[in-house]
Structure formats: structure tokens, C-alpha cells
Protein chains: 2
Amino acid sequence: MKFEVVTIKDIAKALNLSTSTVSRALRGSYEISPETKKLVLEYAERMNYRPNPIALSLKEQRSRAIGVVVSEIANNFFSQAIAGIESIAYNRGYHVIITQSHESKERELVNIQHLVSRSVDGLLISLSSETSDLSYLQQLYEKGFPVVLFDRISNQIDTHKVTADNYMGAFHATEHLIYQGFKRIAHITSSTHLSITRERLQGYKDALAKHHIAVNENLIKYCNHGGMMIDEVEVAVEDLFRPKIKPDAIFTAGDRLSTICLGIIKQKQGAIRKAGFIGFTNTNLADLFSPPVSVVRQPAFEIGQSATELLTSMIESKRPVTTFETKVLPTNLIIRESSLQQQD
Amino acid sequence: MKFEVVTIKDIAKALNLSTSTVSRALRGSYEISPETKKLVLEYAERMNYRPNPIALSLKEQRSRAIGVVVSEIANNFFSQAIAGIESIAYNRGYHVIITQSHESKERELVNIQHLVSRSVDGLLISLSSETSDLSYLQQLYEKGFPVVLFDRISNQIDTHKVTADNYMGAFHATEHLIYQGFKRIAHITSSTHLSITRERLQGYKDALAKHHIAVNENLIKYCNHGGMMIDEVEVAVEDLFRPKIKPDAIFTAGDRLSTICLGIIKQKQGAIRKAGFIGFTNTNLADLFSPPVSVVRQPAFEIGQSATELLTSMIESKRPVTTFETKVLPTNLIIRESSLQQQD
DNA sequence: AACGATGTCGGGAACGATTGCGCAAATAAA
DNA sequence: TTTATTTGCGCAATCGTTCCCGACATCGTT
């Protein structure tokens, strides 16, 4: 099952020229006479010649492809980020190879090794929630392999990073709840391995502190699988609302976490149902919810774009890049009914 | 900015052997003595040798990668389908290269050419809404290049196809609305170029016919950009509800179409707001809507898996495949409040 | 002792493209 | 006319790997 294509050799043979001449003619080299150029160009056009990228990769030691590792494609944030990645990569002539870690550090490692062996020119990574040891990546990176971290970043490795302003996003969300009069604001988040978890948690805590509300560790729940397991979230919600003194608002720190939590709330009655709600999520459908849901929205598309720009510039840089930037893009607080204090 | 790796040549030099011997030792050839094998294997292991997939691709004329063309990644159906594709491809040792057509036939063509020139071993395609002329694909396919169509298929090309049972999905959805007492059921769909449009439309019409309801062409609106342009949908909805005699229910035929339509309905009053609603969508959040939305859900993940299984079997088939199957997977009708007749 | 059989290994072409170098012919300069 | 320069093109190496052949050495057989 082969798919025969014309090569530079075929053209050379047909035109009674050498492959070098054909190659140079195609690349418009000055050392080829205009007549020969025209001849070759026209024939190549007619035969629909396309240079073989694999051969080029082998010769030039680059593949013009970048690898992406995310936890899950079917997640609003990531699918939007990938769209952003693809938009820039496409323009710069790179292919995008996508892999999912499913929040597993083993799978993440296998994916990275796979991509590297496949000679991708660079890597765009959002860490899995299990990942704490970055030594493999570190090692790879120190050998000069371009890596850009996005969304879930780490300070264990010194390279370009792009992320949303998780701290301020969480801070403003929490402060908004406080302004609305909520006093006992619960926070449901994921593994503390993740930078986004820690940043959002800090924003939450600092907002409370600013308004002289003591942080209550019982109001903070960690779902280590980040919403990959529904049970985990159910347990967290039930734990929160079991005590006599219940939370009056919930602030969730992740896309899946938010939607799952909303689903659980919907099935419940009483205090749970009445609690204020705001969450980090990138769904476009939040205003269709009942009640319309307040969200912290991340500029996912732009994060993907920005990370890809940094990566391609690193790949194409002549000398080793030594100064790195960490881009922090502002989040968008969209207030709808769910986070408003009900007057009753 | 290079990333130096050990090659078979390095091993040969270090061990004072020829590359042929090293190659054979690594592949466990019988003509290499056990001692030499052991020596090579251990050294390769120690140096963390990985065969260069690019070189292999060049030699073997295959890349162990499959190309995917969809209209948009950030769409529930496609992101779920891609997850299914990736799950099978991963197990069979293939990489997945994803591209988006953004519903443009030019972009689709460029992507396909790009992927082919990059020597993907096969193609998984869901056609753009603009595509009517499949001659390029046809031509490619006739040269023996493995192609599997999924979701948006075409009978212009004879190969494996995988799709949801759009006809029955639409039929049952429409019939459900009829059973609920709705009489004037509008249908908002996309370009008739698409197989899914035609199949769903036919299901809709046949359900009406079965229940002796005349098809009213004024109640059918075609959004040729399939929800990529919001205006288009707004115009459609307004056109539907402008006449004196208004529809009492809406049935939408696509993911984006459904959610956009729901957004529009939400902003309106009166007849529009009160109309029954059901739509094709793969969002997981439909029961969080207000009211909870009835949907026709496609087995997106399974469609992706199935298409990938067929493609890889085609790629790996020794002799040309001549008999093709069209897999039709059942849809899932999930009834919630939005499609129930309100008793008032 | 001569021969074939077997076991181990290396040489080199091939996959498709680029590119430094060299060579011949044509042209320009002396 | 002779020399120098330019023009136009081919040879061959290279990227990493596989694989067809051919080259030996060793062993057993007659």
C-alpha cells in the first residue's frame, strides 16, 4: 500500500539533469541559468512536486513539528489553548502533535520521550496533577531542548512560561464574594503539586486576609485528581456541608471541578443549593446555566498563542536563549447571578 | 540549538563494530553472536539509545503518524472524538497530527496536502461545511492512500466511514417533540453539503410524515457556516418567529448551533422563550442549563475510536482493501425539561 | 587434504534532499 | 592570443537506519 510521489531524482532523470541542479533550481539558486530554472520549475509544477519533509528533517535535524502535552483535550480550557497553539504554529510552518497525560505522570513521561524521539523541535507542556519530579524535563532542557511551560508551570525549571494570572483571578473572585456579603467561603481545588492550585489558593487566602476573615482550613478541599473522578468532588462537597456551620459560598479552582461541582449542587437542597458560587472555567455556556454562573475565565486561546510564539522563537534562535520571561495574562471575572447575594 | 543523541554509528565506533552489526544486534538478528548482541544491547541501554524515527520513516516510507482534519478542535463533539482517536492511535504506536479546517474548503485542502507531504500513513477526515468537491481526496485515495471519513462523510468516495446514526437521532428527537404535543417544529441546521445535515433533515421530515404533519419549508433554516457566525443563527431564529403563526418548538442539528441558539432564546421573550427545544450537542453541561436541555448525544469518543481502528487496519493491510464498511453508531436521546410540553 | 556448510561480521547502496567543491566552457580582460 | 574570471552544472558526502552481498574463519565430512 504505497503512495508514489515524484522526487527530485525523478525530475532530474526526466530532464537529464543532476539532482543538485534540480534542487538548486527549485530553491532559486543564482548559479542556475534562467532557462534551466524555468524548465525545472515548470516540470515540477506539472508533476505536482512536493519536497519530502521527512528527508528534510533527517538532513536538517529538525522536524518542523512541536509537541504538546496536556492532561485532557476534551476540556474547554485546553481545547481553546490548543486552538491558539495551532493558529500560531500553522502560520510559522510547524505541525502540532498533541498528546494527553490524563493527569498521569507516567503517561506524561512516556509522551515526552515519544515526542522527543520523534524529533519534535520543541515542547509545549502543561504538567499533570501528579507531576512533582521534573528531573527528566530538566535534563532534557539542559541539553538545549526548547521547552515552554504553560498553564501549569513549575519553578523547578528555568524557561519561558505562560500562564493566566491565577492569583489575581482568585483574589478578585473571592473579594467579589466578600463584597456580596458572603462570610464563609469554601474553596475546592486540586492537587497542590500544581502551580495553578497554589496560586489560586493564595489569591483566595489573601483576599480573605485583606478583609479580615480568618482562613478556615476546613473550608478548603483538595481534589487530587482535579475532577477526573466525580466521587472525589462529591465527598468534598458533602464534607463541606456536613458540619452545623455551613459555608455560604463556594469558589472552585478548575474547569472540570467547577462543572462537576455545579452538577452536584443542582441535585442537592437547602444550604448547598443556596450557596453562592463562582468558579474557574472556560465554558462558553455559563450564562445558559440555572442560575447563570459567575466565572473566572482564562484567556486560553491567547495563552496557547503566546506559548507557541515563545517556543518558536526559542527554536529558531541562533544562540542559546538565556533570559526567560514568564508571561502572566489577566483573567476575566464574569459576574452573573450565581455569585450574587440573594435578598430574602 | 541542537540536542545530541546517540546513533547507531556512535555505538559502532565505540564498540569497534560496523553499523550493520550494531543494527542487527539491536534487532536481535540470528546472524549475530550472543556475545556481540549482549555487548551492543548493554551499551545501547546504557547510552539510552533510541532509534531515530525520522530516519526510519525515510527508509521505510512510513511515518507511524496519522493526520486528522476536523473543522474545530474547541467543539465538544470533536474534542471528544479526538480523545477517542488518540486512545487507539496511542496503543497501536501511531502519533496523531491534528489540523483544523475552520469550515473552509481551502484550508481543508491545504491541511490535507500538508499532511500527505509529511508522509502521514493515513488520514481521518471530517469534512468542512464548504466542501462539495472531493476530487482531490478521491484522487489521493485512488492512489492507495488510506483515508477514513468520520462524522461528516460523503458518498463521493468509497472507503471506510464512521458516523452517528444521524437519521434516527433526528427522527426520535422530532418524534419525541411530536409526542409532547408540539405541532410546529422548526429545524435549524447547517449547510446541505454536509451528510449530517441531510441525514438529520431527512429524519426530521420522516418523523413529521409518520405523524401526518406537513413539512413546512419556512420552518427549516440553513446556517451555512454551521454556527461559526452567530449573526447567521440570530437571523434564522428571528425569521422563524417573525410570522404571525410561530413555531412552538425548535430542533437544532449541530453542537455550536444548539448552544448559540439557546443563548439567543435566553435573551428573548414570549413565544421564543416558551418554545420546546432539543438539539444535537455533546456538551456535558446540558443538565445545568435553565431549563435543563434535552439533547441528542453522539458517541463521539467511540466514533473516533472506531474510525482509528479502521484506519490503522487499512494502513497495516498487506493487500489493497477493497470492501469497505460504513459504521453507524447509535445516538443517545436524553430528555430533560426543555422539550417537555409546559402545562399552563 | 580439499571441500562445502555454517556462523559472524563488514562494505556499501538506498531512502530524498542539500551543499561544498571542483570542473569545464564561455566570456571578459590583458 | 593568452590569461583571468564568471557562469552553469555535476560529483559526492551527509543525515540515521536497514539490508543485500560478499568476506572470512571455523568446523565437519569425505
Side-chain angles (χ1 to χ4, degrees), chain A residues 1-41 43-44 47-65 93 114 116-121, chain B residues 1-41 43-44 47-65 93 114 116-121:
Chain A
M1 192 148 275
K2 236 9 113 40
F3 180 65
E4 81 294 338
V5 283
V6 296
T7 72
I8 230 168
K9 252 184 228 174
D10 301 328
I11 300 180
K13 205 171 296 169
L15 265 35
N16 232 340
L17 290 168
S18 77
T19 59
S20 358
T21 305
V22 175
S23 172
R24 273 185 271 251
L26 289 170
R27 322 204 96 236
S29 164
Y30 67 95
E31 13 179 18
I32 304 298
S33 72
E35 304 86 58
T36 312
K37 256 185 208 170
K38 184 154 168 288
L39 188 69
V40 171
L41 251 19
Y43 186 80
M47 300 306 278
N48 197 27
Y49 167 79
R50 294 277 174 277
N52 182 327
I54 306 256
L56 285 177
S57 291
L58 183 61
K59 183 94 176 79
E60 297 176 2
Q61 308 285 49
R62 60 193 315 234
S63 60
R64 294 207 75 85
H114 203 172
V116 169
S117 87
R118 203 142 199 286
S119 305
V120 292
D121 294 343
Chain B
M1 192 149 271
K2 233 15 113 34
F3 180 65
E4 81 296 339
V5 284
V6 297
T7 72
I8 233 169
K9 253 185 225 173
D10 300 329
I11 299 180
K13 205 171 295 172
L15 264 36
N16 231 339
L17 289 168
S18 77
T19 58
S20 348
T21 305
V22 174
S23 172
R24 273 184 275 252
L26 289 170
R27 324 204 96 236
S29 164
Y30 67 94
E31 26 181 4
I32 304 298
S33 72
E35 304 85 58
T36 311
K37 253 186 212 172
K38 186 155 166 286
L39 187 70
V40 172
L41 251 20
Y43 185 80
M47 299 307 279
N48 197 27
Y49 167 78
R50 294 277 174 276
N52 181 326
I54 307 258
L56 285 176
S57 291
L58 183 60
K59 190 94 179 77
E60 298 175 3
Q61 307 284 46
R62 61 190 313 230
S63 61
R64 293 207 74 85
H114 202 171
V116 169
S117 85
R118 205 144 198 286
S119 305
V120 292
D121 295 343

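All chains are named by letter (A, B, ...) in the order of the sequence lines, taking the proteins before the strands, and each is independently numbered beginning at 1.
- Among the heavy atoms of the strands lying under 4.0 Å from Ser23(A) is at least one base atom, whether or not backbone atoms are also near.
- To the nearest angstrom, P of dT18(C) lies 13 Å from CZ of Arg64(A).
- Distances were taken from every side-chain heavy atom of Leu56(B) (C-beta onward) to each of dC15(C), dC9(D), dT17(D); the shortest belongs to dT17(D).
- The shortest distance between the side-chain N/O atoms of Lys59(B) and the OP1/OP2 oxygens of dC15(D) is not below 4.0 Å.
- Closest-nucleotide positions on DNA chain C for Ala55(B) and Glu35(B) were compared, and the one nearer the 5' end corresponds to Glu35(B).
- Defining each end axis of the helix from dA1(C)-dT30(D) to dA30(C)-dT1(D) as the rotation carrying four pairs' C1' atoms onto the next four, with five pairs an end, the two axes are found to diverge by 70° to 10 degrees.
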When you look at Asp10(B) and Tyr49(B), which way does the side chain to side chain contact (heavy atoms under 4.5 Å, CB included) test go after all the steps?
CA-CA 10 Å; Asp10(B) 300 329; Tyr49(B) 167 78; over 6 Å; no

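- Here the side chain of Ser20(B) is nearest to one of dT18(D), dT18(C), dG11(C), namely dG11(C).
- Across all strands shown, Arg62(B) has no heavy atoms under 4.0 Å from either base or sugar-phosphate atoms.
- Remark: Gln61(A) is in phosphate contact with dG16(D), judged by side-chain N or O atoms under 4.0 Å from OP1 or OP2.
- Listed in residue order, the members of residues 24-34 of chain B having a heavy atom less than 4.0 Å from DNA chain D are Arg24(B), Arg27(B).
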Show the numbers, then the answer: is there a side-chain hydrogen bond (donor to acceptor under 3.5 Å, both in side chains) between Ser33(A) and Thr36(A)?
CA-CA 5 Å; Ser33(A) 72; Thr36(A) 312; 2.7 Å; yes

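- Nearest heavy atom pair, residue Val6(B) against residue Met47(B), reads CG2-O, 3.7 Å.
- Per the geometry, CG belonging to Asn52(A) stands 13 Å off C1' belonging to dC15(D), to the nearest Å.
- For Lys59(A) (side chain) and Ile54(A) (main-chain N/O), no donor-acceptor pair under 3.5 Å exists by modelled atom type.
- Without hydrogens or angle criteria, Ser57(A) side chain to Pro53(A) main chain gives a donor-acceptor distance under 3.5 Å.
- We find that OH of Tyr49(B) is positioned 10 Å from C1' of dT18(D), with the value rounded to whole Å.
- Side chain of Lys9(A) to backbone of Ser18(A): no donor-acceptor contact under 3.5 angstrom is found.
- Whole-Å rounding puts the Arg50(B) CZ to dT17(D) P distance at 12 Å.
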Apply side chain to side chain contact (heavy atoms under 4.5 Å, CB included) to the pair Val22(B) and Tyr43(B), showing each step before the final yes or no.
CA-CA 10 Å; Val22(B) 174; Tyr43(B) 185 80; over 6 Å; no

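- For Ile8(A), the listed nucleotide lying nearest its side chain is dA17(C); candidates were dC9(D), dA17(C), dT17(D).
- Atom pair Leu58(A):CG and dC15(D):C1' shows a separation of 4 Å (rounding to whole Å applied).
- Contact detail for Asp121(A) and Arg64(A): the closest heavy-atom pair is OD2-N, 2.7 Å.
- Rounded to whole Å, the distance from NZ on Lys13(A) to P on dA17(C) is 13 Å.
- Protein atom CD1 of Ile54(A) is 13 Å distant from nucleotide atom C1' of dT17(D), rounded to whole Å.
- Of the side-chain N and O atoms in Thr36(A), one or more sit less than 4.0 angstrom from OP1 or OP2 of dC9(D).
- The nearest whole Å value for the distance from the CG atom in Asn16(B) to the P atom in dC9(C) is 13 Å.
- Distance check, rounded to the nearest 0.5 Å: CG of Leu17(B) to CG of Leu39(B) gives 6.5 Å.
- For dC15(D), one of the phosphate oxygens OP1 or OP2 lies less than 4.0 angstrom from a side-chain nitrogen or oxygen of Lys9(B).
- Put simply, Ser18(A) has a side-chain N or O that comes within less than 4.0 Å of OP1 or OP2 on dG10(D).
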Thr7(B)/Asn52(B) under side chain to side chain contact (heavy atoms under 4.5 Å, CB included): CA gap, chis, key distance, verdict:
CA-CA 8 Å; Thr7(B) 72; Asn52(B) 181 326; over 6 Å; no

